[in-house]
Every structure is written in C-alpha cells, then in structure tokens.
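These figures come from a predicted structure and were not determined experimentally. In what follows, every heavy atom counts, from backbone to side chain, and hydrogens, waters and symmetry copies are set aside.
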Amino acid sequence: MYSHEGRYETGRTESQAPETDIGVASSGSYMAPFTHNPSWMGHSSGTCSTTGAEDFLRMPGSVVPDLMPLELEEARTHVQSFSPEQLLHHDEDGDTILHLYVARGLRCQSYAAAERFIQYGQLDAKEHNGKSPLLVAVAANQPEIVYDLLTLGADVNASDWKGQTALHVAGTYGLSDVVFLALQHQKNIDVEARNYDGLTPLHCAVISQNNVYKSKKNQNTPNVQQRERETLTCIQLLLQMGSSCTSQEIKSNKTVLHLAVQAGNVPLVKFFLEMSHANLPGLINMKAHGNTALHMAAALPPTHSTEYLIQLLLFYGGDPSTRNMENEQPAHLVPPGEFSEQVRPRVLSISIDYHLHFVDAILITFSLQS
C-alpha cells in the first residue's frame with residue numbers, strides 16, 4: 001500500500017482511498033486463522049439482544065516466523081559494507097535505505113539495516129511525507145516487518161505530516177494484523193492520539209467500517225465481506241487497547257456513536273450500545289454541535305432501518321426531550337412523509353412523559369413494528 005506516486009511496485013497502493021478500497025489482508029498473512037462470530041451483526045424486529053457485545057474477538061497468539069539465520073547474516077554483511085554516509089543518506093524523496101527495504105517487504109535487509117540505524121539513533125528517521133520506517137511498514141501492510149521494528153524499539157507513536165500514527169493508518173485501511181501487533185506492544189502506546197483532522201484511531205476505524213457497510217449494500221462480494229471483518233476486528237482490538245467511545249473528534253465533536261448513527265450503520269450502533277459502559281445514557285446523549293445521536297437518527301432518510309435505529313437509541317436511554325442549538329427535539333427532525341406521520345407523534349409522546357414513564361415509552365416505540 002505504500003507508494004510515492006507509484007514508485008514502489010509492492011502489489012498494494014496507498015492511493016486507494018478508504019471510500020473505494022480499504023486494505024485487505026493478504027492471503028499470506030502471518031496471522032493464525034481465527035473464527036470471527038458475527039452474531040452481533042444481526043438484529044430481529046423488536047428485539048435487542050445484549051449477549052456477546054462484550055466478547056471481543058479473541059485472537060490466538062501471533063505466528064511471526066523467525067528470521068532465517070543464514071539470510072539474516074548475509075543481509076547484515078551487506079549492510080555492514082555501507083559507510084555511515086551511505087546508510088543514512090536520504091534520496092530525492094527523502095527515503096533512506098531502511099525506508100526502501102521496508103517498502104519492498106525485504107524483511108532480513110530491513111532488520112539488518114534497522115540494527116545499524118539504532119546505533120546512530122535514527123531508527124525513526126522520516127522521509128518526505130514524515131513517515132518513519134515503522135509507518136512505511138504499516139502503510140505497505142508488512143506486518144512481519146512491523147513486528148521486527150516494534151521489537152527493536154521503533155516509536156509506535158511516531159506520526160507523519162498528517163499527524164497519522166501507526167494506529168491511525170491501520171484503522172483507516174482496516175489492517176487488523178497491525179493493530180493486533182500494537183496490542184502486543186501496548187506499553188506507552190497512545191490510543192487517543194489525534195491526527196491533524198482531530199480523529200483518534202478509533203474514529204478512523206469506524207469511518208472505514210462505515211464505508212465498507214455502504215459498499216456491502218451495493219455489492220456483497222467476498223472481498224467486501226473480508227474488508228468488513230478486518231475493519232470490525234480493528235474496532236474490537238482498539239477497544240481492547242483502551243480506546244474511548246466518548247472521545248469526540250475535534251471538527252464537529254462527533255463520537256464514534258455519532259459517526260455510526262450518521263452512516264445508518266445499525267449493526268455497529270447495536271454493537272456500541274451493547275457494550276458495557278459506565279454511563280451509557282451519557283454516551284447516547286452526548287452532543288455534537290448540539291445534536292445527540294437521536295437527533296441524527298431522526299434526520300436520516302425514512303426507512304425501516306432508521307425506524308429500528310431510533311428504537312435502539314430510545315431503548316438504551318436516548319432522551320427524546322433534548323433540544324439542539326436550534327431548539328429542536330429529535331421528533332422535529334423526522335423528514336416529512338408517511339414515515340414521519342408514524343414516528344413523530346410517538347416520539348413526541350415519549351418526550352412528554354420521558355422521565356416518569358420511560359418503560360411505557362419503550363413499549364410505545366416498539367409498537368412501531370406492529
């Protein structure tokens with residue numbers, strides 16, 4: 001996935017935007033096979049299962065193959081032949097020999113060069129886009145080299161000129177192998193680091209998953225299904241690492257719940273709501289420029305999925321009486337039409353007696369299915 005405008009031919013391209021193609025793990029991934037239980041993705045009318053949401057994906061230990069001793073010694077001999085000036089030289093694109101080895105997936109050469117870079121305190125040297133060798137390894141989807149560099153002491157929090165750390169890049173492209181490796185080297189890792197768009201790695205992973213969710217509606221191919229598994233795994237692993245669902249991105253103050261609701265991503269919203277939270281209603285009723293998740297759900301196009309989404313948010317503590325900066329309650333944002341005539345009166349009736357009759361309100365909202 002790493003390229004300088006196509007300079008490197010590694011079988012992947014970083015120029016593929018998340019909107020169109022989010023990274024897919026190669027068939028030669030070093031990770032051991034695992035079973036992913038997608039049961040939380042399903043939902044039935046009028047029911048909200050609360051089982052399985054806390055059972056994050058349990059992945060077996062990494063199966064990173066050992067470096068071949070003979071090949072590694074040959075690489076060390078070759079790298080030792082470089083003078084310090086040759087070794088640390090930056091070419092016209094700002095790349096060192098280590099960046100080039102990493103981008104091409106040359107593991108033994110990368111390891112041997114990294115050992116010498118450590119001697120000169122240059123293991124995190126940056127190329128013209130501000131990427132350290134570790135960031136190049138992540139962008140090129142080279143998990144074995146990521147493992148080696150982390151083991152040798154590369155800075156997992158190093159960022160490029162866009163403020164992207166290894167976790168941001170992995171979340172953006174659905175590189176779950178990389179996130180798993182970061183989980184194994186969790187010491188001092190900043191899971192709440194912000195890129196220059198104000199996003200945490202979890203925000204990036206959720207946006208990526210939303211894009212795949214949209215793609216799946218149009219073309220449910222094996223490739224899209226694989227991308228879905230990878231992005232969902234990234235989200236689960238980031239949560240295991242301590243990423244916060246209440247973190248708000250800087251530009252519009254959206255949490256990951258806001259982002260999932262805005263995309264109409266019902267399975268992901270359901271997953272977040274079924275997690276164990278110290279203050280679930282607090283999360284649901286957080287405002288992004290005045291709008292709660294319920295405001296955003298009410299404003300979505302009128303479909304059965306939107307209807308179900310509103311029910312979910314109400315069931316788990318969404319307050320329909322909350323007003324945004326325009327003094328509007330969620331019911332006021334329901335688009336006009338037949339759907340509006342069905343939903344708005346019920347949501348308004350919930351608002352009136354919300355604090356005293358919350359249980360009755362839940363029963364009313366679920367009557368939408370009848």
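Using a distance-only test at 3.5 Å, with no hydrogens or angles considered, a donor-acceptor pair links the side chain of S243 to the main chain of L238. A donor-acceptor contact shorter than 3.5 Å links the side chain of H168 to the backbone of T165. With hydrogens and angles disregarded, no donor-acceptor distance shorter than 3.5 Å links the side chain of R227 to the backbone of K216. With Q209 contributing its side chain and L232 its backbone, the two residues share no donor-acceptor pair below 3.5 Å. Using modelled atom types, one side-chain atom of H258 and one backbone atom of M286 make a donor-acceptor pair closer than 3.5 Å. Here the side chain of T306 pairs no donor or acceptor atom with the backbone of P302 at under 3.5 angstrom. Of the possible donor and acceptor atoms, none in the side chain of N220 sits under 3.5 Å from a partner among the backbone N and O of Q225. A donor-acceptor pair under 3.5 Å is absent between the side-chain atoms of Q329 and the main chain of A331, judged by distance alone. The backbone N or O of F272 lies less than 3.5 Å from a partner atom in the side chain of H277, making a donor-acceptor pair. A distance-only check finds no donor-acceptor pair linking the side chain of K217 to the backbone of V212 [under 3.5 Å].
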Verdict with supporting geometry, N210 and N265, side chain to side chain donor-acceptor pair (under 3.5 Å): CA-CA 6 Å; N210 285 341; N265 193 339; 3.0 Å; yes
Could you go through E230 and S176, starting from their C-alpha distance and side-chain angles, then the distance that decides it, and tell me whether this counts as side chain to side chain donor-acceptor pair (under 3.5 Å)? CA-CA 6 Å; E230 294 292 331; S176 60; 2.3 Å; yes
Might you work through the side-chain contact (heavy atoms from CB on, under 4.5 Å) test for M241 and V179, ending with a clear yes or no? CA-CA 9 Å; M241 295 172 72; V179 180; 4.0 Å; yes
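Linking ILVMFWY side-chain heavy atoms closer than 4.5 Å, directly or via other members, places I118 and L87 in a single hydrophobic cluster. Cluster membership check: Y101 does not share its hydrophobic cluster with M68, using side-chain heavy-atom separations under 4.5 Å among Ile, Leu, Val, Met, Phe, Trp and Tyr. Under the 4.5 Å side-chain heavy-atom criterion for ILVMFWY residues, no single connected hydrophobic cluster contains both L257 and I250. The hydrophobic clustering, which links ILVMFWY residues whose side-chain heavy atoms are closer than 4.5 Å, places V102 and Y120 together.
Shortest non-hydrogen contact noted between S110 and I145 is OG-CD1, 3.9 Å. Here the shortest heavy-atom pairing between L300 and L309 reads CD1-CD2, 3.7 Å. Shown here for C234 and G174, the closest heavy-atom pair between the two residues is SG-C, 3.6 Å.
In this structure, a donor-acceptor pair under 3.5 Å is absent between the side chains of T221 and N223. For D319 and N285, the side-chain atoms include no donor-acceptor pair closer than 3.5 Å. In the model, E192 has a side-chain atom that pairs as donor or acceptor with a side-chain atom of S247 under 3.5 Å.
Aromatic ring pairs are classed by plane angle as parallel below 30°, tilted from 30° to 60° and perpendicular above 60°; the pair Y147 and H185 is perpendicular.
Between the CG atom of L149 and the OH atom of Y111 there is a distance of 9.5 Å, given to the nearest 0.5 Å. Atoms CZ and CG, from F117 and L123 in turn, are 8.5 Å apart once rounded to the nearest 0.5 Å. The OG atom of S305 sits 10.5 Å away from the CG atom of L312 when rounded to the nearest 0.5 Å. We find the OG1-NZ distance between T255 and K287 to be 14.0 Å, quoted to the nearest 0.5 Å. Atom CD of residue Q236 and atom OG1 of residue T231 lie 9.5 Å apart, to the nearest 0.5 angstrom. Between the CG atom of L313 and the CG atom of L273 there is a distance of 6.0 Å, given to the nearest 0.5 Å.
Between D148 and R107 a salt bridge is recorded (basic side-chain N to carboxylate O distance below 4.0 Å).
The residue from L333, T322, N291 that alone fulfils the side chain to side chain contact (heavy atoms under 4.5 Å, CB included) condition with E328 is L333.
For the side chain to side chain contact (heavy atoms under 4.5 Å, CB included) test, no residue two or more places apart in sequence or in another chain qualifies with Y196.
Sorted by first and then second residue, the pairs that involve residues 194-203 and meet salt bridge (Lys or Arg N to Asp or Glu O under 4.0 Å), not counting sequence neighbours, are D197-K251.
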